[in-house]
Amino acid sequence: MSTYSLSDGLPSAAPRELALAGWLKESGSGVAASLAWIAFGSSCLLWDDVGDWSRTHSLGIAAFIIAAFALFGTVGADYLGSAGRALRNRAPWLLALGLILTLWEVATAKFAWLPLPFFPPPQAIVEVYTDDLPKLLDSVFASIRLLLGGYLIGAAIGFLTGVSIGWSRAVGYWVHPVLRFIGPVPATAWLPIAFFTFPSSWSASTFLIALATGFPVTVLTWSGVASVGSAYYDVARTLGAKPSFLVLKVAIPAALPHVFVGLFMGLGASFAVLVIAEMIGVKAGLGWYLQWAQGWAAYANMYAALIVMSLLCSSAITLLFAIRDRLLVWQKGTVKW
Amino acid sequence: MVATAEVIAYPAAGAALDIEQVSHAFDIEGTELPVLSDVSIAVEPGEFVALLGPSGCGKSTLLRLVAGLEKPQAGALREDESRITHPHPSRVVVFQDPTLFPWRTVWDNVALGLEAQGILKSQRPRVDAALDLVGLSAFRNAYPHQLSGGMAQRVALARALVNDPKILILDEPLGKLDSLTRITMQAELVSLWQRKGFTTLLVTHDAEEALVLANRVIVFSERPARVKADIRVDRPYPRHRGDPYLADLRRQILGLLGLDATW
């Protein structure tokens, strides 16, 4: 008995402490996040704005609502299933966001520590989203249309060119030097020429985006096809494969991981060209919106457009990675975006 | 299941293979490197022939010629009287590396030959049957990176056998496996060969493996490879590794390879 007594005696006090520690660990950051958002809401309502912004009051109320969500969502996460778990995981981020917004609010709208109008307060940006939404949405759709058209054309041509160079010596002989000569030139360098040789600024921009996308896709598809081990071809040939089978069912699937690296690089390059083309020639899109906002010294609009743009680019990459993960399930250890 | 039995029911009888005075050389940066010198071997239908020789002597090159992946510089190779000029699914190779296509599931890998020949749609049960044959039906949806070395090599074997080859060409297929898996798969190879009746050509540099598996062991010289000895192994299957007759042959073979001092 005496040997058991020690271990028997200990747990009686421990569970309560453990439960408290566990609760703090699980919900503590949620409560803190909630407090941070209450602080943000209070900072909106407590002092008067130094400038004239119409959304201060609504923003404060919204902050309190978010605080309530954070509190009840994390404390009651066990009853909310996967949504509750997800909220709990993100609670530290919610906390950081609340603190940053509070600081931002105080530093701009309330005490103007940062110079106005270059640093607009959060409510000014909210105001852009509520009051200038139609124009902003038009710009978003214009950007998506332009980007998607140019990107898809560039990716398709780049892929076909890459496979052809990788596969056929004759095509390689002719295309490789052209690729080496033209490919490394930044697509934006063609901008002045493109804008007067193409019938419209829209087609010129599509061409430039396609060019920027096409180069990395071509090079990586080509290197992918070229690096396929000859053993794969040997196996397929002894099993009765014809040349078309070797291209479509051996070379291309084997090269696909490389192709996606090219598509990723091409996407990055296409964003840059898109924004520059919109700033300089095209009279629509987020790049144009940025330019327009700067012209009117509408700094809140610029920040608002920048946030939308980063969401757009990030979503585009997320989409690309989702497609890749779908097609390359057979690979192990791919980078999670 | 009945359909499976029907499809697989015609055992592909082995083909005769004639290697007639074949010589071959590689061109390495302008210098000729002879690898095969006047090799002649006549293989009977259904025979299990092991090709044994020092590392790098040109055995694997001979297999590539038999498969039709390359053409010999001199001499001719014939499968049942018709000259071998191209690869054909009646002569399938299993390489030392399984070389499974990593983007295909096990089932799709095995289906490769039928798909390449454009007959997969009507012959799907053959794929299932081949997977059954190597005992991997449960892994049909797995990807190659999920398989062990022995399982991957079994899939490679199924991928070859689904085509009902007349000549099965094995290029050290068990070379990279651990010794236990190796022994199991040697037994499996013999039983597959006995059931199906295909002609088998096995390159190995393990004298014991050659003696346990083959009817006939052909010993090659150093490069350029010439036939040094052609030994019949008249013992019933399953063979026992400790069989004194095989031990005696093994001593002879190692002697031919210049390794008698180590025995």
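Throughout, a chain's letter reflects where its sequence line sits, starting with A, and its residues are numbered from 1.
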Q: With only heavy atoms counted, which part of A:F245 is less than 4.5 Å from chain B, the side chain, the backbone, both or neither?
A: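 Side chain only.
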
Q: Looking at every heavy atom in both A:T238 and B:P87, which two are closest together, and how far apart are they?
A: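 For A:T238 versus B:P87, the nearest heavy atoms are CA-CB, 3.9 Å.
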
Q: Heavy-atom cut-off 4.5 Å, strictly under: side chain, backbone, both or neither for B:Q146 against chain A?
A: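 Contact with chain A: none, neither part.
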
Q: Please classify the contact of B:R64 with chain A as side chain, backbone, both or neither, using a heavy-atom distance under 4.5 Å.
A: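 Contact with chain A: side chain only.
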
Q: Do other residues, nucleotides or ligands put more than 12 heavy atoms under 6.0 Å from the CH2 atom of A:W167?
A: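 Yes, because the 6.0 Å sphere around CH2 of A:W167 holds more than 12 heavy atoms from other groups.
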
Q: Count the heavy-atom pairs under 4.5 Å between each of A:A241, A:A254, A:P257 and chain B, then report the option with the highest count.
A: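 Of the options given, most contacts go to A:A254.
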
Q: Quick one: are B:W103 and A:L328 in side-chain contact, heavy atoms under 4.5 Å?
A: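 With C-beta onward as the side chain, the pair stays apart.
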
Q: Could you tell me whether the side chain of A:V235 reaches within less than 4.5 Å of the side chain of B:R159, counting heavy atoms only?
A: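 They are in side-chain contact.
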
Q: Give me the contact list for residues 91-99 of chain B versus chain A, heavy atoms only, anything under 4.5 Å, ordered by residue number.
A: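 Against chain A, the residues of residues 91-99 of chain B that fall inside the cut-off (heavy atoms, under 4.5 Å) are B:R91, B:V92, B:V93, B:F95, B:T99.
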
Q: In terms of heavy-atom contacts, does CD of B:E32 have more than 12 from other residues, nucleotides or ligands at under 6.0 Å?
A: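 Above 12, so yes.
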
Q: Taking atom CG of A:D234 and atom CG of B:L69, what is their separation to the nearest 0.5 Å?
A: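 One finds 4.5 Å between CG of A:D234 and CG of B:L69.
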
Q: Between CZ of A:R237 and NE2 of B:H86, what distance do you get to the nearest 0.5 Å?
A: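 Rounded to the nearest 0.5 Å, the CZ-NE2 separation comes out at 9.5 Å.
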
Q: Can you establish whether the number of heavy atoms outside A:W202 located under 6.0 Å from its atom CH2 is more than 12?
A: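 Atom CH2 in A:W202 is not packed in, count stays at 12 or less.
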
Q: Are more than 12 heavy atoms from other residues, nucleotides or ligands located less than 6.0 Å from atom CZ of A:R90?
A: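 No.
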
Q: Quick check: do B:H145 and A:Q331 have side-chain heavy atoms less than 4.5 Å from each other?
A: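 No, their side chains stay 4.5 Å or more apart.
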
Q: When you look at CZ of A:F198, are more than 12 heavy atoms from neighbouring residues, nucleotides or ligands closer to it than 6.0 Å?
A: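 Yes, because the 6.0 Å sphere around CZ of A:F198 holds more than 12 heavy atoms from other groups.
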
Q: Please state whether the side chain, the backbone, both or neither of B:L100 comes within less than 4.5 Å of a heavy atom of chain A.
A: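 Contact with chain A involves the backbone of B:L100 alone.
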
